[in-house]
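Each remark here refers to the structure printed beneath this line.
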Amino acid sequence: LKDHLNNIDSRGETRKYYSCLLKEFEILLKGLEEPLHQFLKLHPELLCPSHETCWSKVRFGQTISDFVFREVYNDYLLVEIEAPIRELFRRDGQQRQELTHAINQITDWVQFIQDNKKTVENELGLVGISTNPRVLVVIGRSASLTDDNRRKIETLQAQQNKLRIMTYDDVLLNAKESLGRILGNLDIYGDNTEVYFFKK
């Protein structure tokens, strides 16, 4: 019977795998940065589903990026991650040092690339990288954000049009939606349940 169902829905095992993977990711969001870094190093598609190549811990001058992704047409994404326990804003609405530090880090990377493009391409292997690549900061949890905080994030992103700031909950939701479009609903699972989707 299981073989027959797998023939009907060949994505069943893959969907089960990613359901378990996302549960593991969600558990790690209660902890520190380094275990999450190692997990995302093994599963970079959760951060950048369309990447062709991923590098971890790339040095740009005196600073080190957490991840660099190359997508098609040599489109690059530089990623700085902070711990999920870090909050983005204080109670008075001002951004915390951790968020400021993360944005400053990626600004330093971009400036290094602008000043050393040939070195970055030839020595680091980031061939075709733009001097103004896309950048992503992942920090904190969504529950800590107010509507005003969200608007402030939008303003920060508008000031640097290639900057995106996401919480780990945003990353989790994006991964679920991206994988769900391909594999079917990943929230439908259980320890003793097998779910199959019939093709229309």
Side-chain angles (χ1 to χ4, degrees), residues 22 25-26 28-33 36-37 39-41 43-52 54-56 58 60 63-115 126 129-182 185-187:
L22 293 177
F25 180 53
E26 197 164 6
L28 287 171
L29 299 188
K30 299 173 183 177
L32 302 175
E33 178 184 330
L36 260 172
H37 183 106
F39 180 83
L40 291 169
K41 185 177 176 181
H43 309 287
E45 68 275 14
L46 298 183
L47 279 175
C48 186
S50 58
H51 76 280
E52 290 184 334
C54 173
W55 294 266
S56 174
V58 177
F60 294 109
T63 58
I64 299 174
S65 70
D66 286 307
F67 294 100
V68 175
F69 293 97
R70 181 171 64 212
E71 300 178 274
V72 293
Y73 307 116
N74 289 334
D75 191 14
Y76 285 81
L77 173 67
L78 314 183
V79 181
E80 168 73 3
I81 65 171
E82 297 286 341
I85 59 173
R86 303 290 188 196
E87 293 189 357
L88 290 78
F89 298 94
R90 303 194 311 240
R91 288 186 179 178
D92 63 3
Q94 296 302 306
Q95 69 187 58
R96 289 187 175 272
Q97 171 60 27
E98 291 85 354
L99 177 57
T100 301
H101 171 75
I103 294 173
N104 287 340
Q105 280 273 90
I106 60 175
T107 301
D108 289 342
W109 304 342
V110 173
Q111 186 172 2
F112 181 83
I113 294 167
Q114 290 171 347
D115 294 342
L126 307 183
I129 191 168
S130 165
T131 54
N132 186 27
R134 292 181 301 117
V135 289
L136 169 65
V137 172
V138 182
I139 179 173
R141 305 296 303 270
S142 292
S144 69
L145 298 179
T146 65
D147 289 341
D148 284 342
N149 294 157
R150 285 286 189 186
R151 284 196 293 272
K152 187 162 283 189
I153 289 173
E154 291 174 3
T155 301
L156 287 168
Q157 293 176 147
Q159 291 170 349
Q160 300 184 47
N161 68 341
K162 291 201 172 181
L163 166 67
R164 189 165 185 201
I165 300 167
M166 299 174 70
T167 68
Y168 283 93
D169 298 287
D170 295 331
V171 172
L172 179 62
L173 180 60
N174 280 4
K176 280 184 179 180
E177 290 179 348
S178 177
L179 291 164
R181 284 193 294 270
I182 300 168
N185 192 336
L186 297 178
D187 286 327

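Keep in mind that what you see is a predicted model, and the values were worked out from it rather than measured. Worth knowing before you read on, the calculation uses all heavy atoms, side chains too, and leaves out hydrogens, waters and symmetry mates.
Counting heavy atoms from C-beta on, the side chains of Gln95 and Leu88 never come closer than 4.5 Å. Using a 4.5 Å heavy-atom threshold, the side chains of Thr63 and Phe112 count as separate. Ile106 places none of its side-chain heavy atoms less than 4.5 Å from the side chain of Leu136. Contact of the Leu77 side chain with the Arg70 side chain is not registered, since no non-hydrogen atoms from C-beta on lie closer than 4.5 Å. Inter-residue side-chain proximity for Val72 and Ser50 is flagged as unmet; no heavy-atom pair is nearer than 4.5 Å.
A donor-acceptor contact shorter than 3.5 Å is absent between the side chain of Ser178 and the backbone of Ala175. Asn104 places no side-chain N or O within donor-acceptor distance of the main-chain N or O of His101, the cut-off being under 3.5 Å. A donor-acceptor contact shorter than 3.5 Å links the side chain of Lys162 to the backbone of Asn132.
How far CZ of Phe60 is from CH2 of Trp109: 7.5 Å, rounded to the nearest 0.5 Å. Put simply, CD on Glu80 and CG on Leu99 are 10.5 Å apart, with the number rounded to the nearest 0.5 Å. We find the CG-NE2 distance between Leu47 and His43 to be 11.5 Å, quoted to the nearest 0.5 Å. In this structure, OG on Ser144 lies 12.0 Å from CD1 on Ile85, to the nearest 0.5 angstrom. With rounding to the nearest 0.5 Å, the separation of CG in Leu172 from CD in Glu177 is 10.0 Å. With values rounded to the nearest 0.5 angstrom, Ile165 atom CD1 is found 6.0 Å from Ile153 atom CD1.
Within 6.0 Å of atom CD1 in Ile64, more than 12 heavy atoms from other residues, nucleotides or ligands are found, so the atom counts as buried in its surroundings.
For His37 and Phe67, the ring centers sit closer than 6.0 Å to each other.
With sequence neighbours excluded, the residues forming a salt bridge (Lys or Arg N to Asp or Glu O under 4.0 Å) with Asp170 are Arg150, listed by chain and number. The salt bridge (Lys or Arg N to Asp or Glu O under 4.0 Å) test applied to Arg90 returns Asp92, not counting sequence neighbours.
Screening residues 132-141 for salt bridge (charged side-chain N to carboxylate O under 4.0 Å, His left out), with sequence neighbours left out, gives Glu71-Arg134, Asp75-Arg134, Arg141-Asp169.
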